[in-house]
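What follows is a set of notes on a single structure, which appears directly below.
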Amino acid sequence: MSDVNPCMSCGACCAYFRVSFYWAEADDAGGLVPAELTEAVTPFLRCMSGTRQKPCRCSALEGTPGEATRCTIYHQRPSPCREFMASGENGEANEACDRARAHYGLPPLYKDMPFHTPADAATEGLSRVQLR
Ligand code: SF4
Ligand code: SF4
């Protein structure tokens, strides 16, 4: 298995789901996320701009989903992005990751993981995917 970060050639989740979070994660309320890249959903909830419309695409995403992408605010990204796991990370499937990838014609990641079966679980520490 390649140790190349699969997210680098994907970015599908950044252009598929609404990315919403507690409003105070934005930098105008003491958080890190650039407020100018967010929009209000409710008085207590914001989302990354571009992610609650169709077609969906986060305003912080650079590149072409399914080919090559980069988060331009990687170190300031909101909690949903920090918590979202690529399918197969930690040896567990993430249906949402694989669904977003499928939308862009990409195969599911989990089936390719070398620790897919219990017998291979011991190799997880050696082969886990490097996330962005
Ligand atoms: S978490 Fe999954 S859907 Fe998101 S960029 Fe990585 S591989 Fe693609
Ligand atoms: S903030 Fe970055 S990681 Fe989060 S959806 Fe936007 S581009 Fe993706």
Side-chain angles (χ1 to χ4, degrees):
M1 174 194 145
S2 168
D3 62 358
V4 173
N5 181 343
C7 299
M8 299 291 288
S9 57
C10 180
C13 55
C14 309
Y16 188 73
F17 297 109
R18 188 181 84 178
V19 180
S20 52
F21 45 90
Y22 185 55
W23 71 280
E25 288 193 38
D27 62 4
D28 61 354
L32 292 174
V33 185
E36 68 270 20
L37 296 180
T38 73
E39 57 188 69
V41 177
T42 73
F44 300 104
L45 202 62
R46 293 182 183 183
C47 70
M48 292 305 297
S49 56
T51 67
R52 67 168 178 165
Q53 62 194 48
K54 298 293 179 189
C56 169
R57 182 188 168 106
C58 177
S59 56
L61 185 67
E62 185 178 270
T64 303
E67 296 180 9
T69 56
R70 183 178 79 92
C71 174
T72 58
I73 59 163
Y74 180 74
H75 296 291
Q76 298 163 278
R77 68 201 191 285
S79 56
C81 306
R82 296 175 184 275
E83 294 162 6
F84 195 87
M85 298 287 176
S87 194
E89 190 185 20
N90 299 328
E92 295 178 5
N94 178 355
E95 179 276 332
C97 166
D98 288 334
R99 180 156 39 99
R101 287 175 59 84
H103 180 75
Y104 286 95
L106 298 171
L109 285 176
Y110 187 60
K111 70 177 179 55
D112 294 323
M113 292 292 149
F115 42 87
H116 183 62
T117 62
D120 291 332
T123 66
E124 177 181 352
L126 298 174
S127 59
R128 65 180 287 160
V129 174
Q130 295 287 309
L131 286 179
R132 57 187 172 173

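Along the sequence shown, the residues carry numbers beginning at 1.
Nearest heavy atom pair, residue Ala60 against residue Thr72, reads O-OG1, 2.7 Å. Across all non-hydrogen atoms, the minimal contact from Gly66 to Leu106 is CA-CD1, 3.8 Å. Taking every heavy atom of both residues into account, Ser49 and Ser59 meet most closely at OG-OG, 2.7 Å. A pairwise comparison of heavy atoms in Glu25 and Ser79 identifies OE2-OG, 2.6 Å as the closest pair. Nearest heavy atom pair, residue Ala96 against residue Phe17, reads O-CZ, 3.4 Å.
Here the OG1-CE distance, from Thr69 to Met8, works out to 7.5 Å after rounding to the nearest 0.5 Å. Taking CE of Met85 as the reference point, atom SG of Cys7 lies at 11.0 Å (rounded to 0.5 Å). Distance CD1/Ile73 to CE/Met48: 3.5 Å, rounded to 0.5 Å. In this structure, the separation between CZ on Arg70 and CD on Glu62 is 4.5 Å, given to the nearest 0.5 Å. Between atom CD of residue Glu39 and atom CD of residue Gln53 there is a gap of 7.0 Å, rounded to the nearest 0.5 Å. One distance of note links SG of Cys97 with CZ of Phe84; it measures 5.5 Å at 0.5 Å rounding.
In this structure, the side chains of Arg77 and Phe21 stay at 4.5 Å or more apart for every pair of heavy atoms. Side-chain contact between Val19 and Cys58 is absent, with no heavy atoms from C-beta onward closer than 4.5 Å. Annotation: side chain of Val41 is in contact with side chain of Arg18 (closest heavy-atom distance under 4.5 Å). Pro65 places a side-chain heavy atom less than 4.5 Å from the side chain of Arg57.
Proximity of a side-chain donor or acceptor of Asn90 to a complementary backbone N or O of Glu92 within less than 3.5 Å is not detected. A donor-acceptor contact shorter than 3.5 Å is absent between the side chain of Arg101 and the backbone of Ala12. Between the side chain of Ser87 and the main chain of Asn94, a donor-acceptor pair closer than 3.5 Å is present. Although no hydrogens or angles enter the test, the distance criterion places no donor-acceptor pair under 3.5 Å between the side chain of Tyr16 and the main chain of Thr51. Not one N or O on the side chain of Tyr110 forms a donor-acceptor pair closer than 3.5 Å with the backbone of Asp98.
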Exercise answer: donor-acceptor pairs, residues 26-33 side-chain atoms, under 3.5 Å, sequence neighbours excluded:
{"from": "Asp27", "atom 1": "OD1", "to": "Ala35", "atom 2": "N", "distance (Å)": "3.0"}
{"from": "Asp28", "atom 1": "OD1", "to": "Arg46", "atom 2": "NH1", "distance (Å)": "2.9"}
{"from": "Asp28", "atom 1": "OD1", "to": "Arg46", "atom 2": "NH2", "distance (Å)": "3.2"}
{"from": "Asp28", "atom 1": "OD2", "to": "Arg46", "atom 2": "NH2", "distance (Å)": "3.3"}

